[in-house]
Amino acid sequence: MDILGYIEDIQNFFRLPIWRWLIYGIVFILIIIWLAFVYWTYRDARLRNTSPTAAIFWALVVLAFSYPGLVVYLILRPPEFIDDIVERDLEISRMEALLDSKVSNCPACGKEVHDDFLICPYCRKKLKNQCISCGRPLDLDWKVCPYCKTTQ
Ligand SMILES: [Zn+2]
Ligand SMILES: [Zn+2]
């Protein structure tokens with residue numbers, strides 16, 4: 001068996017129609033995935049608080065430039081999901097509300113009580129005096145009401 005015949009065998013093997021169909025198949029799959037990425041880009045951009053116009057723009061970029069366009073989008077897209085932003089803002093306002101409401105702990109039972117409570121609703125410990133004139137809550141050792149100047 002001469003070497004030229006051997007090379008010819010290999011060449012004939014790669015000329016078989018199955019190779020062409022295999023390449024067509026791969027190209028077909030790549031096109032399907034590419035089109036799916038066009039849709040995915042639009043949806044991803046919308047979830048990231050991008051305007052509809054910008055989302056369509058990015059989808060068109062991926063449609064026009066295919067995979068290189070997708071890479072550019074992945075680099076330039078906004079880093080946060082809109083849901084994450086909403087969640088973080090909620091968390092911040094919850095913390096602010098907690099700081100604003102002036103909550104402290106009952107010295108007797110340790111449960112949370114508001115600063116204007118007169119007695120602890122859990123253990124009935126007296127927390128504040130009530131001003132004899134205006135009725136506002138006063139610390140137990142205050143001699144005069146700071147709101148209405150009435151001596152207690
Ligand atoms: Zn208590
Ligand atoms: Zn008073």
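Both backbone and side-chain heavy atoms feed into the values below; hydrogens, waters and symmetry mates do not. Numbering starts at 1 and runs along the sequence shown. Every number for a ligand or one of its atoms is a count from 1 in the order of the listing.
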Exercise for the section: Decide whether Y6 and L16 are clustered together by the hydrophobic rule: side chain heavy atoms of Ile, Leu, Val, Met, Phe, Trp, Tyr closer than 4.5 Å, transitively. Expected result: yes
Handout entry: Pairing of R77 and D44 as salt bridge, 4.0 angstrom limit
Key = yes
Handout entry: Working for side chain to side chain contact (heavy atoms under 4.5 Å, CB included), residues Q152 and N129
Key = CA-CA 9 Å; Q152 302 297 305; N129 282 323; 5.7 Å; no
Problem - R88 and D84 ion-paired at < 4.0 Å - result: no
Problem - CH2 (W19) with more than 12 external heavy atoms under 6.0 Å - result: no
Exercise for the section: Decide yes or no for Y67 and W34: does some side-chain heavy atom of the first lie under 4.5 Å from some side-chain heavy atom of the second? Expected result: yes
Completion exercise
Note on the Zn ion (ligand 1): protein N/O/S atoms within less than 2.8 Å are C106 SG, C109 SG, C120 SG, C123 SG
